[in-house]
Amino acid sequence: MSQRIEYPEGGKKITASADGRLNVPDHPIIGYVEGDGIGPDISRACLRIWNAAVEKAYDGQRQIHWAELFMGEKAAALYDGDYFPQETKDALKDLLIAIKGPLTTPVGGGFRSLNVSLRQELDLYACVRPVRHYAGVPSPLKKPEDVDVVIFRENTEDVYAGIEYRSGSDKNQKVARFLREEMGETFFEDAGLGVKPISPFGTKRLVRKAIQYAIDHDRESVTLVHKGNIMKYTEGAFRTWGYELAREEFPDQTITEEELYATHGGKRPAGKVVIKDRIADIMFQLMLLRPNEFDVMATMNLNGDYLSDAIAAEVGGVGIAPGANMSDTVAVFEATHGTAPKYANQDKVNPGSLLFSGVMLLQHIGWVKAAELITAAYEKVIGAGIVTYDFARNLEGATEVKTSQFADAIIDQMQGTIDIDRIRREREEAVEAERRAREQRRVVAPQEEMVASGRVPHTVSDLMNPNLVSMLGSTTVEDAMHLMRERRISSVVVQPADDDEIQEWGIMTQRDVISRVVSAGRQPNTVRISEVATRPLITVQEDVSLFDCAEMMGERNIRRMVVVDTQGRPIGIISDTDIFASVEQFGLPE
């Protein structure tokens with residue numbers, strides 16, 4: 001079927017169903033690219049470990065059939081200088097699952113980066129980077145075990161889209177002239193210019209994948225990380241679209257952080273994923289001070305680039321940080337570090353990044369027991385002080401070994417008596433205990449906990465009451481009054497009745513009932529709420545800042561506004577009391 005690539009006999013291809021779920025045979029064919037520089041050394045070691053784990057976990061009933069694919073320098077030698085041949089692209093799409101070592105970016109070869117080219121060619125829009133601490137690995141943190149987060153970084157947009165115009169170029173001058181003359185913008189002369197595209201499509205497919213991951217892996221929360229307080233129409237829009245996606249596609253599986261406190265008193269309902277957001281610069285502080293507050297993050301390209309490497313440094317560095325780039329069906333797992341050519345062919349370096357990317361791969365195809373076996377054996381080997389040179393210099397009394405010897409040690413541990421069920425149970429119990437402790441803090445001291453966890457309201461949607469109550473305009477005022485008293489609410493949104501002359505939504509407040517019904521001597525059981533409602537609704541978009549909302553309320557001399565989404569649909573109510581309480585608790589937002 002190919003010029004250079006051969007699929008091994010006895011294996012079957014992984015397929016995907018219409019909803020993107022994988023169909024994995026017991027003998028799947030999975031592609032691998034050994035990589036450049038140290039790639040061959042770590043690939044050889046990891047292939048041995050992965051194979052041994054599968055053999056041990058499933059008593060020989062399952063086996064991965066590895067098909068070598070070619071990228072980088074090895075591909076250039078085989079394909080007349082082509083670092084990313086079409087045959088490899090076709091195989092990656094055909095096999096769906098692959099793993100690769102580090103790759104050299106060719107100088108003057110037409111690629112900004114082979115990794116970038118790979119993502120763009122296969123539309124691998126999500127870079128997934130799990131970061132957690134493994135017992136025994138040296139770390140600068142006092143409690144590195146608190147770090148256990150999965151970062152979903154958008155791969156295709158943001159400044160990484162590559163829409164840039166060099167200072168002094170004709171295109172730069174054309175764009176600069178348009179921005180100044182047509183759009184009224186001001187900036188320094190000869191500035192290099194770049195465009196930062198963030199779209200609803202790109203945002204929502206990333207957030208969808210992050211939320212689904214959280215649901216599938218029993219994660220507690222998904223945090224949207226952004227700088228929307230400054231870049232309102234790109235990063236702020238990412239935040240807005242993320243909440244919108246959760247509300248529209250996962251209404252039964254998610255709640256907002258506002259609902260967690262306002263509706264549930266700080267207690268997370270069983271099975272619900274909490275959707276929250278944090279400003280990017282604050283996120284760096286929080287991952288040092290309170291890392292166990294966060295489970296899954298979804299963010300844009302540049303934020304994700306910074307965060308994934310910074311958080312990896314907290315638990316041992318990028319040398320053991322795994323990663324993957326995924327579309328809805330294709331997934332390419334990878335070592336996240338460089339090729340380190342000065343160590344090539346020395347059998348010296350730490351294979352951790354590629355090794356745990358393989359653990360991710362095993363989890364992705366549902367072979368969880370094999371993945372857990374590798375993790376457990378790794379921690380035992382590290383705990384015994386058997387490490388490669390990078391860890392040996394930071395661990396007193398360590399035994400420095402070669403890459404291949406480190407693999408031998410892990411395989412030896414896996415062949416022994418590792419109680420996977422006990423390890424899994426202990427980890428689950430520790431996670432649950434930590435969740436209960438956080439919940440207790442939220443219940444006992446909600447305001448203090450909100451501030452400590454970095455939750456500072458910035459926009460209308462942060463403060464709105466999402467439990468919007470709407471009623472048909474034909475409802476009697478008496479029935480509406482009963483409902484308002486039972487639910488302890490001061491207003492209801494009124495849907496237009498079929499026979500209303502004005503087909504507009506309205507709002508009826510307690511004040512409207514007093515002034516238009518009671519003081520007028522009318523019987524509440526004879527008056528329809530559509531007759532009393534104030535129309536049209538005075539609305540505010542969910543992404544409007546608290547400053548702007550307060551200004552609008554002041555100008556119109558009103559106490560509350562109905563919050564609408566980008567489609568104009570009512571989704572909540574915000575009052576002057578909400579803004580007052582927020583400023584009193586948190587101060588003025590940035």
Undergrad: Looking at every heavy atom in both Pro351 and Thr388, which two are closest together, and how far apart are they?
TA: CD-CG2, 4.4 Å
Undergrad: Tell me every residue that passes side chain to side chain contact (heavy atoms under 4.5 Å, CB included) with Glu448, counting only those two or more places apart in sequence or in another chain.
TA: Ala445
Undergrad: Is it true that Glu257 and Arg278 make a salt bridge, defined as a side-chain N closer than 4.0 Å to a carboxylate O?
TA: yes
Undergrad: Under 4.0 Å between a Lys/Arg side-chain N and an Asp/Glu carboxylate O for Arg4 and Glu87?
TA: no
Undergrad: Please enumerate all residues that pass side chain to side chain contact (heavy atoms under 4.5 Å, CB included) together with Ser169, with sequence neighbours excluded.
TA: Arg166, Lys171, Asn172
Undergrad: Should Lys74 and Glu68 count as an ion pair when the cut-off is N to O under 4.0 Å?
TA: yes
Undergrad: Is there a side-chain contact between Gln541 and Val460 in this structure, where contact means two heavy atoms from C-beta onward sitting under 4.5 Å apart?
TA: no
Undergrad: Taking side chain to side chain contact (heavy atoms under 4.5 Å, CB included) as the test, write out the residues that go with Asp305, two or more places apart.
TA: Arg153, Tyr160, Asp309
Undergrad: Taking only residues two or more places apart in sequence, or in another chain, which ones meet Glu157 in a salt bridge (Lys or Arg N to Asp or Glu O under 4.0 Å)?
TA: none
Undergrad: Please check: side-chain N/O of Ser353 versus main-chain N/O of Ala321, any donor-acceptor pairing under 3.5 Å?
TA: yes
Undergrad: Mind checking what makes salt bridge (Lys or Arg N to Asp or Glu O under 4.0 Å) contact with Asp390, not counting sequence neighbours?
TA: none
Undergrad: Does any donor atom in the side chain of Ser453 or Arg438 lie under 3.5 Å from an acceptor atom in the other side chain?
TA: no
Undergrad: Is the count of non-hydrogen atoms from other residues, nucleotides or ligands lying under 6.0 Å from Arg290 atom CZ greater than 12?
TA: yes
Undergrad: Would Val149 and Met287 count as a side chain to side chain contact (heavy atoms under 4.5 Å, CB included) here? Give the steps.
TA: CA-CA 10 Å; Val149 67; Met287 284 307 300; 4.1 Å; yes
Undergrad: On a heavy-atom basis, which atom in Leu307 and which in Val225 lie closest, and how many Å separate them?
TA: CD1-CG1, 3.8 Å
Undergrad: Under the side chain to side chain contact (heavy atoms under 4.5 Å, CB included) test, which residues partner Asp170, sequence neighbours left out?
TA: none
Undergrad: Looking at Lys209 and Asp216, does any basic side-chain N land under 4.0 Å from a carboxylate oxygen?
TA: no
Undergrad: Let's go through Asp565 and Tyr243 carefully: what are the C-alpha distance in whole Å and the side-chain angles of both, what is the deciding distance for side chain to side chain donor-acceptor pair (under 3.5 Å) to 0.1 Å, and is it a yes or a no?
TA: CA-CA 10 Å; Asp565 62 16; Tyr243 278 115; over 6 Å; no
Undergrad: Side chains of Asn115 and Lys100: is there a donor and an acceptor less than 3.5 Å apart?
TA: yes
Undergrad: Distance alone, cut at 3.5 Å: any donor-acceptor contact between the side chains of Thr336 and Glu334?
TA: no
Undergrad: Should Ile14 and Ile30 count as side-chain neighbours, where that means a heavy-atom distance under 4.5 Å?
TA: yes
Undergrad: For the CG atom on Asp19, are there more than 12 heavy atoms of other groups (residues, nucleotides or ligands in this structure) within a distance under 6.0 Å?
TA: yes
Undergrad: May I ask you to decide whether Asp123 forms a salt bridge with Arg205, counting only side-chain N to carboxylate O separations under 4.0 Å?
TA: yes
Undergrad: Return yes when atom OH of Tyr79 has more than 12 non-hydrogen atoms of other residues, nucleotides or ligands closer than 6.0 Å, and no otherwise.
TA: yes
Undergrad: Evaluate the ring planes of Tyr134 and Phe356, with Trp represented by its six-membered ring, and classify them as parallel (under 30°), tilted (30 to 60°) or perpendicular (over 60°).
TA: parallel
Undergrad: Under a 4.0 Å N-O cut-off, is there an ion pair linking Arg455 with Glu258?
TA: yes
Undergrad: Can we say Arg180 and Glu189 salt-bridge, meaning some charged N sits less than 4.0 Å from an Asp/Glu carboxylate O?
TA: yes
